[in-house]
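Read through the structure below, which is laid out as structure tokens, and then see the notes.
All values below come from the heavy atoms of this structure, side chains included, with hydrogens, waters and symmetry mates left out. Owing to the predicted nature of the structure, the values given are computational and were not obtained by experimental measurement. Throughout, numbering of the chain's residues begins at 1 and tracks the sequence.
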Amino acid sequence: MCSLYSLSGSGADSSLTLRLTAAGDAFGEHEPTLRFGPSGDAALATEPVATAKMKTINGTKFLNIPEGVEVTCKSRTVSVKGPRGELTRTFKHVQLEMEMTTNAAGAPQLKIQLWFGTRKQIATIRTIYSHVENMVIGVTQGFCYKMRFVYSHFPINVALNGRVVEIRNFLGDKLVRKVKLLDGVDYVRTADVKDQIELTSNDIAAVSLTAARIRQSCDIKHKDLRKFLDGIFVSQKGPIPKED
């Protein structure tokens with residue numbers, strides 16, 4: 001059912017415009033307009049309706065802090081201290097509130113909340129929650145990335161020279177590929193598994209970025225990638241398992 005709610009037009013040569021409104025969502029996101037020309041002919045057109053983005057009044061999430069971990073938050077700069085060390089990260093690029101509180105049992109927890117945010121802005125709450133959660137896991141368990149060497153003919157030789165990973169004989173190249181380990185990342189050659197290295201760190205961003213740089217250093221260029229499958233790839237990743 002439609003009803004008339006506005007009328008515009010004047011003069012003998014001008015067109016007459018009728019704007020209609022429908023009950024419910026009959027026209028979707030467009031506003032129907034019935035236009036009458038000077039000769040009396042009519043045409044129905046639809047125009048987009050400007051709609052405001054809906055905002056959530058308040059979005060809040062709590063991160064429980066385990067025993068043995070100390071978390072401090074000031075001006076959106078979070079510091080996490082645990083058995084394996086300390087990590088600090090700044091989240092000042094995100095407009096939200098962060099503060100330390102306690103739950104009903106008196107245990108510490110980190111409160112992250114945002115007022116009057118759009119859907120995408122509210123989604124940043126979970127993002128910050130995951131970052132801090134990874135920091136807590138890093139100072140308690142740590143993260144490990146395992147990488148395997150894949151080759152069909154030329155064996156890949158990988159060695160550690162100081163803080164630099166040197167890759168030789170990739171596809172028979174004489175070029176020595178060098179990747180510097182980021183701060184806090186440790187390199188270990190697996191003893192019981194052939195052609196495997198392990199990268200460990202408390203900071204998941206540092207260890208994952210180091211693994212990505214090692215893989216990208218072995219990119220194959222100017223060859224058919226369906227045939228040449230050599231490289232160094234991540235085979236396993238995640239927190240270091242807890243010892244029983």
Separation between CZ of Arg189 and CD of Gln196, rounded to the nearest 0.5 Å: 9.5 Å

Going by atom type alone, with no hydrogens or angles, which donor-acceptor pairs under 3.5 Å involve a side-chain atom of residues 91-105 and a protein atom two or more places apart or on another chain?
| residue | atom | partner | partner atom | Å |
| --- | --- | --- | --- | --- |
| Glu97 | OE1 | Gln113 | NE2 | 2.6 |
| Asn103 | OD1 | Ala105 | N | 3.1 |
| Asn103 | OD1 | Gly106 | N | 3.0 |
| Asn103 | OD1 | Ala107 | N | 2.7 |

Do Val165 and Leu160 have side-chain heavy atoms sitting under 4.5 Å apart? yes

Heavy atoms only: give me the nearest Tyr129-Phe62 pair and the separation to one decimal. CE1-O, 3.3 Å

pair Phe170-Leu175: side-chain heavy atoms closer than 4.5 Å: no

Hey, does the side chain of Ser79 reach the backbone of Thr72 with a donor-acceptor pair shorter than 3.5 angstrom? no

Non-neighbouring partners of Arg215 that pass salt bridge (charged side-chain N to carboxylate O under 4.0 Å, His left out), sequence neighbours left out: Asp219

With distance as the sole test, does Asn161 use its side chain to make a donor-acceptor pair with the main-chain N or O of Glu166 at under 3.5 Å? no

Measuring from atom CG of Leu199 to atom OH of Tyr145, what distance do you get when rounded to the nearest 0.5 angstrom? 10.0 Å

Spacing of Leu171 atom CG and Ile156 atom CD1 [to the nearest 0.5 Å]: 7.5 Å

Verify the cluster assignment for Phe228 and Ile232: are they in a single hydrophobic cluster under the rule of side-chain heavy atoms below 4.5 Å apart? yes

Any donor-acceptor N/O pair, Ser201 side chain to Asp203 backbone, under 3.5 Å: yes

Looking only at heavy atoms, which two atoms of Ile65 and Val69 are closest? And how far apart? CG2-O, 3.5 Å

Run Tyr151 and Asp195 through side-chain hydrogen bond (donor to acceptor under 3.5 Å, both in side chains) and show every step you take. CA-CA 10 Å; Tyr151 54 87; Asp195 297 333; 2.8 Å; yes

Starting at CZ of Arg148, measure out to CD1 of Ile197 and round the result to the nearest 0.5 Å. 11.0 Å

Determine the minimum heavy-atom distance between Cys73 and Val78, stating which atoms define it. SG-CG2, 4.1 Å

With hydrophobic residues grouped by side-chain heavy-atom distances under 4.5 Å, do Leu225 and Phe149 end up in a single group? yes

Donor-acceptor contacts under 3.5 Å from residues 176-188 side chains, at least two apart:
| residue | atom | partner | partner atom | Å |
| --- | --- | --- | --- | --- |
| Arg177 | NE | Ser217 | O | 2.9 |
| Arg177 | NH2 | Asp173 | OD2 | 3.1 |

Just list the side-chain donor-acceptor pairs under 3.5 Å for residues 133-144, sequence neighbours left out, or say none.
| residue | atom | partner | partner atom | Å |
| --- | --- | --- | --- | --- |
| Asn134 | ND2 | Ser130 | O | 3.3 |
| Thr140 | OG1 | Val136 | O | 2.8 |
| Thr140 | OG1 | Ile137 | O | 3.1 |
| Gln141 | NE2 | Ile240 | O | 3.0 |

Spacing of Leu114 atom CG and Thr124 atom OG1 [to the nearest 0.5 Å]: 5.5 Å

The remaining residues in the hydrophobic cluster of Phe116, counting side-chain heavy-atom contacts under 4.5 Å among Ile, Leu, Val, Met, Phe, Trp and Tyr, are Ile57, Trp115

Reported CG-to-NZ distance for the pair Leu229 and Lys223, which is rounded to 0.5 angstrom: 13.0 Å

In residues 206-214, what donor-acceptor pairs under 3.5 Å come from side-chain atoms, sequence neighbours left out?
| residue | atom | partner | partner atom | Å |
| --- | --- | --- | --- | --- |
| Ser208 | OG | Ile204 | O | 2.7 |
| Ser208 | OG | Ala205 | O | 3.1 |
| Thr210 | OG1 | Ala206 | O | 2.8 |

Do Cys218 and Asp230 come within less than 4.5 Å of each other through their side chains, counting heavy atoms only? no

